[in-house]
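This report concerns only the one structure given below.
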There are 2 protein chains.
Amino acid sequence: MSSVEPRRRADAERNIAAIIRVASDLFGRGQSPSMAEVAGAAGVRRATLYGHFPSREELIDAVITHAITHTDETLTALALDRDPADVALERLVRTSWPILDRFRRLRTAALAELGSERLRRHHDRTLHHVDQLIRRGQDDGLFRTDLPLDWLVTTFYAVLHAAADEADAGRISPSAAPDLLTRTVLSLLTLRRDDLPEDT
Amino acid sequence: MSSVEPRRRADAERNIAAIIRVASDLFGRGQSPSMAEVAGAAGVRRATLYGHFPSREELIDAVITHAITHTDETLTALALDRDPADVALERLVRTSWPILDRFRRLRTAALAELGSERLRRHHDRTLHHVDQLIRRGQDDGLFRTDLPLDWLVTTFYAVLHAAADEADAGRISPSAAPDLLTRTVLSLLTLRRDDLPEDT
DNA sequence: CTTAACTTGGACACTGTTGTCCAAATTAAT
DNA sequence: ATTAATTTGGACAACAGTGTCCAAGTTAAG
């Protein structure tokens with residue numbers, strides 16, 4: 001991205017970080033905050049915000065870029081290509097589903113405001129993690145193949161999203177969510193077998 | 001609602017109908033059209049629109065009311081309380097899932113613009129249909145009970161919504177959607193020995 | 001055909017948002 | 001302690017949306 005670091009002062013660095021942090025949060029909540037709201041939440045004047053991000057578009061772009069990096073790191077650390085696919089999936093859901101959901105919402109917001117063109121450049125390696133995991137599960141005979149991969153991925157995210165909505169609305173407790181989600185997602189993806197051995 | 005019919009002229013009646021029709025469509029698509037857009041799409045001047053609906057809020061209110069009536073009629077005609085719950089559910093999904101989804105989006109839009117207070121008066125008898133159907137399925141031992149009813153209802157709608165999004169985006173063909181949906185929803189709701197709670 | 005209802009076209013005030021600009025104050029770095 | 005980067009406070013223009021108003025034109029209904 002930038003080979004030339006313009007030697008920024010520490011307070012500028014701090015403000016930029018704060019702005020991206022709160023903006024990620026606000027946009028990730030599915031809202032569409034004004035620049036004034038972002039600036040206010042970051043404890044900064046509007047002029048400062050515009051000093052760092054010349055336009056709303058560039059702000060969103062920066063937020064997306066940051067989120068991709070962060071999400072990708074998290075998912076990579078989860079080593080989703082290890083262990084049987086259903087085990088890896090459970091690990092993913094139990095520990096990181098809010099991250100996945102936030103990234104999804106951010107992406108939706110960005111899609112609405114930037115259009116699909118500007119978003120395509122960020123070639124979604126984040127979403128690819130899940131894609132590959134589910135495909136692996138299918139290949140290994142753990143996940144169902146009577147429904148197309150794309151559709152399975154879609155429903156997976158749909159359920160995550162629903163859980164996040166319910167949690168936000170306080171209709172399910174954050175502590176109950178992982179269990180609910182894990183069971184739902186696994187029973188959605190795994191092969192139907194009525195002959196399950198009882199070992200757990 | 002209205003015991004006093006104000007003796008409207010025929011063209012006014014026509015315009016009101018057109019406005020509600022296009023507004024339902026625009027809001028039901030998940031967009032948030034301006035009054036000008038609604039008026040334009042209805043083939044009417046803004047002044048006329050405001051003549052019938054004094055404010056944006058009242059327009060949305062009218063659209064919601066209309067949608068509830070229409071949706072409720074459709075669902076009632078489906079006689080969801082007849083046949084085994086899974087059969088009734090398949091009937092519902094195969095024939096009327098777009099209606100259900102449109103109503104959901106409308107409700108979301110209204111929630112965002114009117115707030116939850118003004119929306120509570122429309123006491124959601126529409127959503128109740130599905131609620132009762134799934135409960136009946138649980139009571140009859142056809143649907144799983146290892147997940148709470150509310151959560152099952154939520155995921156049901158989440159999957160419908162996802163299908164609608166995919167269809168809108170052209171990623172699944174409208175002809176393939178009912179099959180995909182039916183299979184997904186049924187395998188999500190129906191009982192399987194796999195999902196029995198570990199202990200107890 | 002006449003009246004009353006309705007629509008039109010356009011103007012207007014008001015609000016919220018984006019984006020720009022600048023002089024003065026503050027703060028980090030050397 | 002000096003310099004240069006950065007923030008501040010506020011003003012400003014431009015634009016889009018809501019809601020109001022009205023005089024003149026059109027249309028349905030008796």
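Per chain, numbering begins at 1; letters A, B, ... match sequence-line order.
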Could you write out each protein N or O paired with an N or O of nucleotides 21-23 of chain D at a distance under 3.5 Å?
none

Could you give the [atom1]-to-[atom2] distance, from [X] to [N], as a whole number of Å?
X	N	atom1	atom2	value
A:Asp11	C:dA29	CG	C1'	10 Å
A:Arg46	C:dC22	CZ	P	16 Å
B:Arg14	C:dT7	CZ	C1'	12 Å
B:Arg45	D:dA24	CZ	C1'	15 Å

* Asked: Which ones in residues 48-59 of chain A lie close to DNA chain C, meaning a heavy atom under 4.0 Å from one of its atoms?
  -> A:Tyr50, A:Pro54, A:Ser55, A:Arg56
* **Trace of the side-chain contact (heavy atoms from CB on, under 4.5 Å) decision for B:Glu166 with B:Leu180** => CA-CA 11 Å; B:Glu166 293 297 292; B:Leu180 232 50; over 6 Å; no
* Asked: For A:Asn15 and D:dT7, is the shortest distance between a side-chain N/O and OP1 or OP2 below 4.0 Å?
  -> yes
* Asked: Picking from B:Leu147, B:Leu188, B:Asp131, what satisfies side chain to side chain contact (heavy atoms under 4.5 Å, CB included) with B:Leu152?
  -> B:Leu147
* Asked: What heavy-atom pair brings A:Ser116 and A:Leu111 nearest, and what distance separates the two atoms?
  -> CA-CD1, 3.9 Å
* **salt bridge (Lys or Arg N to Asp or Glu O under 4.0 Å) partner of B:Asp11, the single match among B:Arg14, B:Arg8, B:Arg9** => B:Arg9
* Going through the distances and angles, do A:Arg118 and A:Ile60 end up as a side-chain contact (heavy atoms from CB on, under 4.5 Å)? -> CA-CA 11 Å; A:Arg118 296 179 71 95; A:Ile60 298 181; over 6 Å; no
* So, are B:Asp179 and B:Arg183 salt-bridged, with charged N and O less than 4.0 Å apart? -> yes
* **A:Arg135/A:Asp139 ion pair, N-O < 4.0 Å** => no
* In the single-linkage hydrophobic clustering (I, L, V, M, F, W, Y; side-chain heavy atoms under 4.5 Å), do B:Val63 and B:Leu119 co-cluster? -> yes
Distance-only donor-acceptor pairs under 3.5 Å for side chains of residues 74-82 of chain B, two or more places apart:
unit_1, atom_1, unit_2, atom_2, d
B:Thr74, OG1, B:His70, O, 3.0
B:Thr76, OG1, B:Asp72, O, 2.7

What are the atom names and distances for every N/O pair under 3.5 Å that joins the protein to nucleotides 2-5 of chain C?
unit_1, atom_1, unit_2, atom_2, d
C:dA5, N3, B:Arg9, NH1, 2.0

* To do: Would you mind listing every side chain to side chain donor-acceptor pair (under 3.5 Å) that reaches into residues 145-160 of chain A, with sequence neighbours excluded?
  => A:Arg144-A:Asp146, A:Trp151-B:Thr184
* To do: Could you walk me through whether B:Arg105 and B:Asp101 pass side-chain contact (heavy atoms from CB on, under 4.5 Å), step by step?
  => CA-CA 6 Å; B:Arg105 297 205 197 204; B:Asp101 179 67; 3.0 Å; yes
* Would A:Leu92 and A:Trp97 satisfy side-chain contact (heavy atoms from CB on, under 4.5 Å), going step by step from the backbone distance to the final call? -> CA-CA 7 Å; A:Leu92 168 64; A:Trp97 68 273; over 6 Å; no
* To do: Taking only heavy atoms on the protein side, list every residue of residues 26-43 of chain B lying under 4.0 Å from any atom of DNA chain D, sorted numerically.
  => B:Ser34, B:Met35
* Asked: Does atom NE2 of B:His66 have more than 12 heavy-atom neighbours from other groups under 6.0 Å away?
  -> no
